[in-house]
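Proteins get letters first, then strands, A, B, ... in listed order; numbering begins at 1 in each.
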Amino acid sequence: MNPIDQAKNAEAFLADTTHEDRLDKLLWMMRMRRDAAARLVTEWEELRTLASEIKEHTLSNLAEYLEQFEANAKANGVIVHWATDAHEHNQIVYDILAENRIETLIKSKSMLTEECELRPFLERRNIRVTETDLGERIQQLDDQPPGHIVGPSIHKTTKDVATLFSQKYGSDPNNEDPAYLAGVMRDNTRPDILHATAGMTGANFVVAETGAIVVATNEGNADLSAHTPKLHICSAGIEKIIPTTESLAVFIRLLTRSATGDAITQYTSSFRGPRKGATMHVVLVDNGRSERLGMGRFWHSLKCIRCAACMNTCPVYRRSGGLSYGATYMGPIGIIVMPTFDVRKYSELPFASTLNGSCSNVCPVKIDIHEQIYGWREIMEAKGQIQVVKKAAMRVADKVLSSPELYQVSTTALSTTLDLLPHFAIYNRLNAWGKHRDVPEAALETFHQWYKNHRLKANEVLGL
Amino acid sequence: MSALQSPLRNSILDAVRKNQPPPQPMPKIPRFHATAPDDHVTLFSKGVARMAGVVIADDVGDMDSFLRKRYPDAKVFCSAISEYEGTMRPSSLNHWSEASAIDVCVLRSPMGVAETGSILLSDIELQVHTIAFLAHDLVVLLDPKEIVDNIHSAYEHPYFKSRPYSLLMTGPSGSGDIGGITVHPAQGVKTLTVIFSPSPTSKRT
Ligand code: SF4
């Protein structure tokens with residue numbers, strides 16, 4: 001397969017300026033909300049350090065914690081399965097459904113099931129799947145993958161959704177009121193929810209100490225999916241394990257603030273076992289994670305809690321749209337994760353970055369994202385996966401990052417980084433988002449300058 | 001675990017063991033208790049309002065009259081508390097999907113969280129879990145003395161280690177998935193109202 005050409009895909013998105021401009025502003029607003037929320041927590045930086053250290057401790061003792069979780073979950077009455085790869089995961093889920101003669105499944109949003117391409121797998125076997133997350137359902141109806149890991153349909157305008165719902169549900173195509181459209185979705189999916197005989201969820205956190213699966217949603221759709229039917233299947237990547245309920249608190253404080261700027265999601269739920277007369281399965285999925293754990297330079301990417309803050313802050317992502325990455329995970333986290341699945345297919349993704357370091361600055365678990373992006377560029381070069389123009393871009397980055405002084409500048413000031421990169425490194429074919437725009441406005445201020453200058457404004461935005 | 005599962009499990013665990021980085025220490029998590037108890041009620045109320053919930057601090061008097069006035073179109077009033085009868089009890093639901101026919105459900109939460117405006121519910125209070133998301137409107141009684149300062153304290157509640165289902169609920173369901181504008185409701189409850197009401201069995205003073 002040819003490598004995904006993110007730049008070319010981005011051009012298609014950029015051609016429609018309405019969508020591009022709107023997405024850019026919307027995601028930047030989320031980034032501002034995140035900053036304002038973080039500022040209200042005095043110990044924010046301490047929490048980030050703790051979260052990073054807890055994840056590093058857990059990942060470096062992962063086998064032990066997985067066994068502890070398994071033992072506790074089983075003691076709680078949960079049936080635990082293990083899947084080496086996506087196919088095994090899908091087969092396990094299908095076998096559970098087939099055994100129980102299930103034909104319709106409701107599910108909440110799960111990036112892991114996207115990664116495993118579960119839905120098409122089940123649909124080919126005549127199981128009807130209804131996504132219950134509003135954004136995910138919109139993408140399902142439009143036959144598109146998610147464009148963002150927290151807001152799957154965030155790239156769509158209200159008009160797009162009104163048109164889609166009118167085609168699929170016969171609603172008013174001219175009513176673009178989000179409350180009306182959410183109501184249309186609620187009315188149309190509720191019968192599926194009430195009659196479903198099986199439900200699936202993902203997992204934000206898997207607590208070894210208690211055998212709990214913790215899921216955070218705004219809509220309550222994980223709870224709907226887990227408990228309305230009598231059969232609950234949860235898919236969880238093995239890296240989602242955390243040691244204790246005490247450590248869970250650290251992550252819950254960081255997750256939603258980093259994602260949307262709210263202090264917590266509306267429903268933050270702990271599922272420890274089935275209710276009376278019901279069954280709960282947990283499928284623990286490896287799918288390349290154990291291999292990544294052994295990648296000295298890249299295993300830190302397993303710390304990710306999927307908050308999407310790195311995407312919201314990324315000037316390339318904001319101007320390219322998530323679909324341009326042609327990948328389950330997009331934006332900065334996608335760039336450092338996707339090549340572990342397929343080096344050739346995702347060989348161009350590491351170039352969809354300015355290496356400005358803003359992603360690493362906002363990451364709640366302190367992943368060195370921009371350094372990993374640079375690391376992947378080096379690997380692509382070593383593997384001969386990149387074209388001449390990208391090699392030139394990398395040599396520039398190499399120069400920047402090999403000098404401590406220049407490196408310092410590049411991670412603290414986007415403007416300086418962009419100044420250091422020659423025109424062709426920014427405005428070349430692979431930086432389609434740059435070709436269509438002047439230097440991103442974020443270049444005018446550093447992250448820290450921004451903090452200083454916008455402290456008051458962000459508070460006003462939040463009405464705090 | 002099926003016979004087939006065992007080799008898969010062991011091969012995954014072996015691969016993990018082989019690739020694990022050298023063990024790193026677990027950090028000590030400090031107890032970040034920043035707010036004085038007096039602030040808890042104010043902070044909690046702000047948190048609920050921020051998430052589109054409603055707090056009623058005054059005595060509501062007779063619960064039946066209060067609810068009928070507040071929800072004039074409601075017909076099915078489900079009560080999960082002893083001090084109010086309602087028109088039905090959670091135990092009368094045969095199938096859990098039937099909770100979607102409940103207009104208003106009254107519950108008591110054992111804990112609120114000042115930092116976030118969350119209330120704790122579990123299988124004990126709900127009896128039928130689906131009430132937390134299929135009922136239309138939730139009315140939750142909370143003793144203000146049971147409000148803890150933050151999420152660290154909240155996760156010290158024994159439910160998280162003992163109950164099959166525990167939920168920190170913060171405002172009614174919502175979604176920002178269409179146009180980035182948060183709307184209520186999404187799939188879960190339409191409204192959430194918290195009434196401050198001393199617990200008849202409160203152990204705290
Ligand atoms: S890499 Fe960090 S910022 Fe990006 S999604 Fe993961 S946790 Fe969030």
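- Of the two parts of A:Arg257, only the side chain, counted from C-beta on, holds a non-hydrogen atom closer than 4.5 Å to a non-hydrogen atom of chain B.
- Between the side chain of B:Arg50 and the backbone N or O of A:Asp262, no donor-acceptor pair lies under 3.5 Å.
- Of the residues considered (B:Pro30, B:Gly180, B:Pro21, B:Ser100), B:Pro21 shows the highest number of contacts with chain A, using heavy-atom pairs under 4.5 Å.
- Both the backbone and the side chain of B:Pro23 have a heavy atom closer than 4.5 Å to some heavy atom of chain A.
- In this structure, the side chains of A:Thr42 and B:Phe32 stay at 4.5 Å or more apart for every pair of heavy atoms.
- Residue contact with chain A, scored on non-hydrogen atoms closer than 4.5 Å, involves the backbone of B:Pro172 exclusively.
- Of the atoms belonging to A:Ser153, heavy atoms from both backbone and side chain fall under 4.5 Å from chain B.
- Of all residues spanning residues 121-130 of chain B, those with a heavy atom less than 4.5 Å away from chain A's heavy atoms are B:His129, B:Thr130, arranged by number.
- Among the candidates A:Asp160, A:Val214, A:Thr245, A:Thr132, the residue making the largest number of heavy-atom pairs closer than 4.5 Å to chain B is A:Thr245.
- Contacts between A:Pro229 and chain B at a heavy-atom distance below 4.5 Å are absent for every atom of the residue.
- Under the 4.5 Å side-chain criterion, counting only non-hydrogen atoms from C-beta, A:Ile138 is in contact with B:Ile178.
- For a residue to count as touching a neighbouring chain, one of its non-hydrogen atoms must lie under 4.5 Å from one of that chain's; by this rule A:Ser290 touches chain B with backbone and side chain alike.
- Here the side chain of A:Ser269 pairs no donor or acceptor atom with the backbone of B:Tyr165 at under 3.5 angstrom.
- Using a 4.5 Å cut-off between heavy atoms, A:Leu23 does not touch chain B at all.
- Shown are A:Ile193, A:Leu134, A:Thr217; of these, the side chain to side chain contact (heavy atoms under 4.5 Å, CB included) with B:Gln187 is made only by A:Ile193.
- Taking both residues in full, the closest heavy atoms of A:Ala263 and B:Glu115 are given as CB-O, 4.4 Å, listed atom of the first, atom of the second, then distance.
- Contact of the B:Leu8 side chain with the A:Asp286 side chain is not registered, since no non-hydrogen atoms from C-beta on lie closer than 4.5 Å.
- Only the backbone of A:Thr265 comes within less than 4.5 Å of a heavy atom of chain B; no side-chain atom from C-beta onward does.
- Remark: the backbone N or O of A:Thr244 is not paired with any side-chain donor or acceptor of B:Tyr155 at under 3.5 angstrom.
- Contact annotation for A:Glu176: neither backbone nor side-chain heavy atoms come within less than 4.5 Å of a heavy atom of chain B.
- When each of A:Leu50, A:Leu26, A:Thr84, A:Asp223 is checked for heavy-atom pairs under 4.5 Å with chain B, A:Asp223 comes out on top.
- Ranked by heavy-atom pairs under 4.5 Å with chain A, the first of B:Ile29, B:Thr182, B:Asp14 is B:Ile29.
- Heavy atoms closer than 4.5 Å to chain A are found in both the backbone and the side chain of B:Ser166.
- Only the side chain of B:Val183 comes within less than 4.5 Å of a heavy atom in chain A; its backbone stays farther off.
- At a 4.5 Å heavy-atom cutoff, the contact between A:Ile252 and chain B is made by side-chain atoms alone.
- Scanning residues 80-91 of chain B against chain A with a 4.5 Å non-hydrogen threshold yields no residues.
- Residue contact with chain B, scored on non-hydrogen atoms closer than 4.5 Å, involves the side chain of A:Arg22 exclusively.
- No option in A:Glu219, A:Met185, A:Arg186 other than A:Glu219 meets the side chain to side chain contact (heavy atoms under 4.5 Å, CB included) test with B:Ser175.
- For B:Pro25, the part lying near chain A is the backbone, with the side chain staying farther off; criterion is any non-hydrogen pair under 4.5 Å.
- Listed for the B:Gln20 side chain is a donor-acceptor partner under 3.5 Å among the backbone atoms of A:Ser60.
- By the 4.5 Å heavy-atom criterion applied to side chains, B:Asp177 and A:Asp133 are counted as neighbours.
- When heavy atoms are compared at a cutoff of 4.5 Å, B:His95 does not approach chain A at all.
- Between B:Trp96 and A:His227, the ring-plane angle classifies as perpendicular under the 30° and 60° cut-offs.
- Heavy-atom distances place no part of A:Ala212 under 4.5 Å from chain B, backbone and side chain included.
- In this structure, the portion of B:Lys28 lying under 4.5 Å from any heavy atom of chain A is its backbone and not its side chain.
- Put simply, the side chain of B:Gln24 does not reach to within 4.5 Å of the side chain of A:Lys55, judged on heavy atoms.
- No side-chain heavy atom of B:Pro164 sits less than 4.5 Å from a side-chain heavy atom of A:Met280.
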